[in-house]
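To find a chain, count down the sequence lines: A is the first, B the second, and so on, and within it residues start at 1. Remember, predicted model here, so these are calculated numbers, not experimental data. Every heavy atom of this structure was used, including side-chain atoms; hydrogens, water molecules and symmetry mates were not.
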There are 2 protein chains.
Amino acid sequence: MTETAQRPTLEAVAARAGVSRATVSRVVNGGDGVREPLAERVRRAVEELGYVPNQAARSLVTKRHGAVAVVIAEPETRVFADPFFALQLRGISKELTAQDNQLVLLLTEGRDDHTRVARYLAGGHVDGALVFSLHLDDPLPGLIRGAGLPTVFGGRPGWSDGEAGVAYVDSDNRGGAREAVRHLVGLGRTRIAHLTGPLDQTSAADRLDGYRDVMGGADARLVVESDFTPAGGERAMRALLDRCPDVDAVFAANDLTASGALRVLRERGRRVPEDVAVVGFDDMLPVAEATDPPLTTVRQDIEEMGRIMARLLLRRLDPRTPEETPAGVVLPTTLVRRAST
Amino acid sequence: MTETAQRPTLEAVAARAGVSRATVSRVVNGGDGVREPLAERVRRAVEELGYVPNQAARSLVTKRHGAVAVVIAEPETRVFADPFFALQLRGISKELTAQDNQLVLLLTEGRDDHTRVARYLAGGHVDGALVFSLHLDDPLPGLIRGAGLPTVFGGRPGWSDGEAGVAYVDSDNRGGAREAVRHLVGLGRTRIAHLTGPLDQTSAADRLDGYRDVMGGADARLVVESDFTPAGGERAMRALLDRCPDVDAVFAANDLTASGALRVLRERGRRVPEDVAVVGFDDMLPVAEATDPPLTTVRQDIEEMGRIMARLLLRRLDPRTPEETPAGVVLPTTLVRRAST
DNA sequence: GGGGTCGGTGAGAGCGCTCTCGCCGCCGGG
DNA sequence: CCCGGCGGCGAGAGCGCTCTCACCGACCCC
């Protein structure tokens with residue numbers, strides 16, 4: 001291990017510039033109240049010595065860390081591996097670094113890992129948290145709220161319904177679903193089915209609601225529950241074709257499900273989009289473009305979601321922010337037409 | 001902001017247990033050299049007060065942070081969004097948290113962001129770094145080595161050839177490619193093409209080397225350079241079919257490229273695998289399973305790569321580790337047969 | 001039974017920073 | 001010309017922890 005030749009301290013800079021520690025500190029932190037010739041001397045000393053403030057010492061007295069935790073509670077590796085989180089992370093990272101904050105990533109590993117994460121968050125190592133928790137029965141959000149740490153949730157938390165003051169950012173799942181289904185209606189389709197996601201996730205439930213907003217109490221057999229995976233999409237599509245052979249359009253709850261559905265349709269000799277039109281959700285690029293035909297789908301600006309989450313949190317952390325009660329922020333979606341409709 | 005009712009300090013625990021700060025510290029940090037009845041009393045006091053050590057204060061004196069940076073230098077959002085990094089992160093996270101280390105995620109945003117990252121790393125905020133940098137001309141690795149921070153690279157760095165002492169973890173790209181091509185040979189194929197990745201990345205270059213290991217100086221027109229994307233795969237496949245219509249097998253440098261190739265093959269009326277067999281690389285699940293037919297591909301255990309990287313770094317950070325010079329670690333790959341061959 | 005040894009414990013310094021306070025020199029007003 | 005005010009700067013305390021060192025009692029050996 002390379003012995004990092006004793007990092008210079010405030011003291012050293014002060015000595016070199018011929019001023020006191022306090023003055024150097026002032027210059028380093030914005031420099032108000034230090035007259036120009038002196039400030040310049042300090043800045044030069046900082047430069048020459050390559051001084052970098054010791055964050056630990058700083059945190060010790062300020063009680064702020066310039067760090068935010070991002071918690072991803074996703075037991076199934078498979079789901080975590082979709083590009084969704086990567087994009088969110090990128091958005092979050094952009095916003096955080098723009099304001100000189102670090103991103104501490106916390107992934108939960110299985111069921112009883114929640115307490116570890118909760119303890120860490122309660123331990124005062126970070127200033128706030130951005131939490132992704134997809135399932136309704138997840139104990140983590142509750143634990144985190146107990147920790148009393150400023151938090152913004154990614155995706156509408158299932159239990160937030162009545163409560164005010166829960167900050168979250170979500171896509172307009174319901175509105176996007178409505179748009180998708182209306183698009184199919186506009187194409188003259190009448191037997192429009194929906195392959196849902198796991199309904200214990202608010203995103204899946206909201207998309208189903210959007211479908212129902214347009215289709216009303218249409219044939220209930222046209223709704224098949226699935227699980228956001230290609231294999232699940234295949235199963236659901238088979239079940240659907242068996243009970244409703246006359247289906248002429250499918251709105252899948254996400255692109256992965258749609259890809260499974262497409263495969264079954266081809267296998268059963270249905271042409272897409274001539275016989276059956278298919279719409280997905282997410283615009284998960286590697287998938288939506290890799291299917292055959294490429295998928296019409298509802299795009300959500302995932303990176304922007306991340307950015308907004310971070311911005312929301314940083315605003316709450318800033319002591320200058322007036323005490324408000326931010327509700328959820330819901331981002332619009334857009335329909336992307338490709339060859340599957 | 002909920003005022004976090006004054007976190008208890010070592011002092012408080014000491015007072016409650018009727019011992020000195022030093023003793024509490026000893027118990028909290030493993031408890032060697034404290035007799036049982038006393039230690040128990042301390043533990044109870046810790047429990048009752050809900051004491052959590054202040055990491056900042058600790059770092060200030062120990063000069064260790066219990067934190068490792070993960071640097072992902074990937075300008076193109078698109079590539080970052082593939083599941084590759086997510087899986088690596090999961091592996092890294094598992095290993096780090098198992099040893100009570102935090103993961104600080106650093107994503108570079110564009111070209112001149114390198115200096116920011118380099119400065120952060122040199123700033124002594126973390127104990128070590130895990131760095132992913134795919135491109136040969138990336139200045140980041142150099143800057144990081146200059147910072148003198150213990151580092152492990154993900155993927156063989158291009159410039160490491162001669163140098164010893166550069167720690168990295170990589171998949172056996174070359175061996176995996178050989179296996180893929182041998183598999184095609186074993187199926188009786190003779191006109192085996194290769195759609196490469198961007199050759200300024202070592203992974204792509206190594207896969208090409210593996211192909212050549214088996215095919216030797218075969219028809220050079222069978223090698224088409226591409227870029228790891230579906231669209232690139234389409235372009236390359238079209239070019240290939242135009243110049244070598246007699247091709248009977250394709251080894252694509254990754255699954256995304258393969259998915260593009262498959263689409264073109266179908267469009268041109270070639271049956272897969274009857275007329276042309278196709279093999280990918282990565283076993284990127286959502287893609288490899290979503291294609292039609294599902295893709296035969298070379299799987300790398302990406303999560304394990306992450307885990308090993310973290311383990312390697314932690315070992316270097318541990319002062320008890322004997323001073324050795326770890327070279328690279330290369331992980332085996334396995335061929336996964338699906339319907340495309 | 002006295003001196004040496006050794007393991008367990010406490011006292012205290014100090015890590016590098018911020019922030020409060022008090023001093024000092026300069027200004028304006030009486 | 002003197003005094004009050006004010007802005008710029010330095011001195012010093014203290015954030016919560018670790019770690020060294022000194023101390024003290026118990027134990028062993030001669």
Given atom NE2 of A:H125 and atom P of D:dG16, what is their separation to the nearest angstrom? 14 Å

Can B:R90 and B:E303 be counted as an ion pair, charged N to O under 4.0 angstrom? no

Distance, rounded to the nearest Å, where A:E11 contributes CD and D:dG12 contributes C1': 12 Å

With sequence neighbours left out, write down each residue that passes side chain to side chain contact (heavy atoms under 4.5 Å, CB included) with A:L60, or none if nothing qualifies. B:N54, B:A57, B:L60

So how far is it from A:R145 CZ to A:L121 CG, rounded to the nearest 0.5 Å? 14.0 Å

What's the angle between the local helix axes at either end of the helix from C:dG1-D:dC30 to C:dG30-D:dC1, using five pairs per end and rounding to 10 degrees? 50°

Using heavy atoms and a sub-4.0 Å distance, could you list which residues of residues 38-46 of chain A are near DNA chain D? By number, please. A:L38

Other residues, nucleotides and ligands only: do more than 12 of their heavy atoms fall within 6.0 Å of CD on A:E36? yes

Let me know which of B:V126, B:L103, B:L313, B:I92 forms a side chain to side chain contact (heavy atoms under 4.5 Å, CB included) with B:V68. B:L313

Between A:T23 (side chain) and A:R21 (backbone), is there a donor-acceptor pair under 3.5 Å? no

Kindly state which residues belonging to residues 13-29 of chain A come within less than 4.0 angstrom of DNA chain D, counting heavy atoms of the residue only, listed by number. A:V19, A:S20, A:R21, A:A22, A:T23, A:R26

Should the ring pair A:H125 and A:Y120 be called parallel, tilted or perpendicular, given that the plane angle runs from 0 to 90° and is split at 30 and 60? parallel

Output the distance between atom CG (A:D127) and atom CG (A:L314), rounded to the nearest 0.5 Å. 9.0 Å

Set of residues satisfying side-chain hydrogen bond (donor to acceptor under 3.5 Å, both in side chains) with respect to B:R41, sequence neighbours excluded: none

Strand contacts (DNA chain D) in residues 49-65 of chain B, 4.0 angstrom heavy-atom criterion: B:Y51, B:P53, B:N54, B:A57, B:R58, B:L60, B:V61, B:T62

CZ on A:F132 to CG on A:L106, rounded to 0.5 Å: 12.5 Å

Atom pair distance, as rounded to whole Å: CZ in A:R35 and P in C:dG25: 12 Å

If I take atom CD in residue A:E36 and atom P in nucleotide D:dG7, what distance separates them, rounded to the nearest angstrom? 18 Å

Just how far, in rounded Å, is C1' of D:dC19 from CG of B:L10? 13 Å

State, yes or no, whether a side-chain contact exists between B:V34 and B:R26 at a heavy-atom distance under 4.5 Å. yes

Decide salt bridge (charged side-chain N to carboxylate O under 4.0 Å, His left out) for A:D318 and A:R315; before the verdict, give the C-alpha distance in whole Å, the side-chain angles of both, and the deciding distance to 0.1 Å. CA-CA 5 Å; A:D318 189 337; A:R315 200 135 51 83; over 6 Å; no

Please assess B:R43 against B:E47 for the test salt bridge (charged side-chain N to carboxylate O under 4.0 Å, His left out), listing each intermediate value before the final yes or no. CA-CA 6 Å; B:R43 262 178 256 123; B:E47 190 62 32; over 6 Å; no

